[in-house]
Amino acid sequence: MTAVLDDLPDRGGRHACAPPLLEVRDLAVCYRRGRGRVVRAVDGVSLRLERGETLGVVGESGSGKSTLAKGIVRLEAAAGSIRLNGTELAGLGESQLRPLRRQVQMVFQDSLGSLNPRRSIGQTLTEPLLVHRLASSRVAWQRAADLMARVGLSPELLHQRPGHLSGGQRQRVNIARALASEPGLVIADEPTSALDVSVQAQILSLLQDLQRETGVGYLFISHDLGVIRRMASRVAVMYLGKVVETGGRGRLYERPLHPYTRLLMRAAPRPDPGQQRQQRHAPIPGEVPSAASPPSGCRFHPRCPMAREVCAVEEPGLREVAPGQLSACHFAEELLELNTSGALPSPASTTPAP
Amino acid sequence: MSVAVAPVQAPAGRWQTLRGRVAFAARHNWPGLLATAVAVLLVVAAVAAPLLSPYNPTAIVGPPRLPPSGQFLLGTDGLGRDVLSRTLWGARHTLITACLSTALASVVGVPLGLVAGYLSQWMSDVVMRAMDVLLAFPGLLLALIVVTILGPGVTTVVVAVGVSYTPIFGRLMYGPTRSIRTHDYIAAARVVGYGRLRVLRKEVLPVLATEVVVLVSSAIGWTTLLAATLDFLGFGIRPPAPDWGADLSAGIQYLRQAWWISAVPGLAITVTILVSNYLGDFVASIIDPDRLYRSHARVRDTAQALTGVE
């Protein structure tokens with residue numbers, strides 16, 4: 001299942017000479033719940049991210065996207081392989097990992113909770129430079145002021161505490177902190193979900209501008225397909241701890257090859273009125289099952305309008321269905337044919353599960 | 001009137017500057033201000049005892065059990081020594097003992113509680129059960145055990161009192177640390193690349209700084225009491241030297257005829273304990289604007305509820 005993910009043709013001119021910025025293989029994060037009960041929140045996820053690229057990870061809540069992020073930065077113990085610029089992070093002890101941490105940073109969803117309420121913005125922003133001994137205290141404060149300017153904040157705010165900043169300002173501070181150590185990769189875990197729509201747009205623009213300036217790669221996690229479409233060049237769709245579909249943004253949005261992706265897109269409210277007329281907003285039936293007891297076979301089959309007998313028995317692996325587009329559905333080819341033949345039935349009219 | 005559930009943060013402005021907070025606290029927190037004044041007096045008394053004492057504290061300067069008069073402002077004790085001089089010199093000994101043992105308890109107890117709170121579950125269990133065993137003994141009993149091991153003396157009292165209060169510091173730091181470690185800002189700090197000790201020092205301790213200040217300040221009161229008790233029982237300083245606990249004990253037999261011999265050092269102990277409690281609150285409200293703001297908001301809300309005036 002991992003082999004297929006190598007050398008996605010989607011990246012065009014780039015070759016595999018230099019190792020990718022991030023290469024995750026078969027990552028699994030398990031929680032122990034009670035006696036012997038193991039919840040596999042992330043179960044065998046493989047991802048690949050090139051320098052300066054944005055990979056969007058999308059899925060409902062409970063799909064394991066945040067746990068995936070925590071597994072990659074090793075906030076949660078994770079099994080599998082995590083290669084950053086070719087360096088294996090899995091299996092490293094906390095102290096061996098620490099010097100490598102400056103290359104992967106993270107922006108959290110909760111802009112207030114991720115800033116220490118008792119420390120000033122300046123203290124928080126200088127810390128990455130001081131921890132990694134990149135600068136003296138004086139230089140670090142100057143750099144913090146520069147960073148503030150770069151994320152569009154007044155350096156005067158350096159002496160404020162997070163409680164006195166607005167949500168948007170705080171998230172800018174979080175972005176500044178993430179960029180302070182000049183990482184190659186920033187994992188953004190729902191960075192705009194808690195913000196007003198207008199502020200959300202500003203933060204997304206800021207992230208894009210910073211990517212253009214610094215060439216940083218983003219692993220961008222969101223439940224919002226619109227946000228992912230705007231930010232990501234490639235997208236991975238997650239369901240119950242597994243990647244069910246991955247591919248370039250354009251093709252994936254135009255022609256989803258997994259029933260879950262299709263339903264997810266239908267469930268999202270469309271701002272485009274032309275499309276809205278054709279496809280009405282339709283929530284996905286049923287609830288996300290508990291990761292503690294995932295369904296047999298394909299994990300999506302209880303909610304899938306295309307499910308057949310095989311789906312309850314056999315778990316489909318990710319495979320390349322169209323160039324650069326991988327799907328973990330037994331009937332991905334049918335979806336492909338339906339799409340290309342032009343007859344695009346709504347999922348409601350396809351044969352329901354027996 | 002609203003009941004604040006979420007942590008209220010002080011708004012920008014006067015709450016944010018040290019001068020503004022001191023000015024505010026001085027105007028609105030008169031018990032704290034009074035406590036500060038008395039604390040300063042106590043420290044001055046202890047430091048300047050040689051200058052302030054009218055007599056040599058260990059010399060017999062008059063007839064025994066003389067009531068307070070112009071010559072002996074607080075009377076004389078059972079042997080004819082000046083009570084005022086002995087109490088001033090006693091402040092020195094008692095306060096130094098209390099401060100040293102508080103320092104010992106906090107310097108050992110606070111890091112122990114922080115580390116235990118941040119360690120893995122079973123490691124912290126080991127540390128905390130050990131602390132619980134210490135806590136299970138009453139402070140005085142624990143101190144007496146230390147005295148038995150080390151033999152009587154000033155150092156013994158410091159160690160005994162310090163050891164008795166170490167688990168209390170540990171306990172009171174452990175709980176909050178345990179809850180703070182689950183916060184996102186700790187996760188963020190780990191992602192930045194902090195080591196464990198740096199997380200504790202830079203992220204956890206600043207959040208608990210106010211608690212530590214309140215605790216240390218209150219603990220000076222408790223340790224004063226315990227140290228005085230040990231001296232009262234005769235485990236500390238050697239007899240002729242002045243000490244509140246020892247002097248209180250020596251005056252007991254004359255309580256009916258000469259109450260001032262015991263009452264003066266007893267009052268000194270009481271005042272020290274009271275002052276230490278108020279002082280902690282006062283200092284905490286000055287270093288932590290939110291705390292000051294919250295208490296102010298509470299007072300204001302109550303006033304509004306009572307008067308119905310916005």
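A note on names: the letters A, B, ... follow the listed sequences, proteins ahead of strands, and every chain is numbered from 1.
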Could you look at A/R74 and say if it's the side chain, the backbone, both or neither that has a heavy atom under 4.5 Å from chain B?
backbone
Residues A/R51, A/E53: salt bridge by 4.0 Å N-O rule
no
B/D132 and B/R129 ion-paired at < 4.0 Å
yes
How about OH on B/Y174, more than 12 heavy atoms from neighbouring residues, nucleotides or ligands closer than 6.0 Å, or not?
yes
Any salt bridge between A/R143 and A/E182, counting N to O under 4.0 Å?
yes
Salt bridge present between A/K65 and A/D189 (N-O < 4.0 angstrom):
no
May I ask you to check whether A/H223 and A/E190 show a side-chain donor-acceptor distance below 3.5 Å?
yes
Residue part contacting chain B, namely of A/L97, when any heavy atom lies under 4.5 Å:
neither
Side chain, backbone, both or neither: which part of A/V131 has an atom under 4.5 Å from a heavy atom of chain B?
both
Please identify, among A/Q123, A/M106, A/R118, the residue contributing the most non-hydrogen atom pairs under 4.5 Å to chain B.
A/R118
Salt-bridge criterion met for A/E127 and A/R119 (N-O under 4.0 Å)
yes
Using heavy-atom distances under 4.5 Å, tell me whether A/L75 contacts chain B through its side chain, its backbone, both, or neither.
both
Quick one: of A/R102, A/H132, A/K70, who has the most non-hydrogen atom pairs under 4.5 Å with chain B?
A/H132
Heavy-atom distance under 4.5 Å to chain B: side chain of A/V104, backbone, both or neither?
backbone
Where does B/R190 contact chain A at under 4.5 Å (heavy atoms): side chain, backbone, both or neither?
both
Among B/R196, B/E203, B/H183, which residue has the highest count of heavy-atom pairs closer than 4.5 Å to chain A?
B/E203
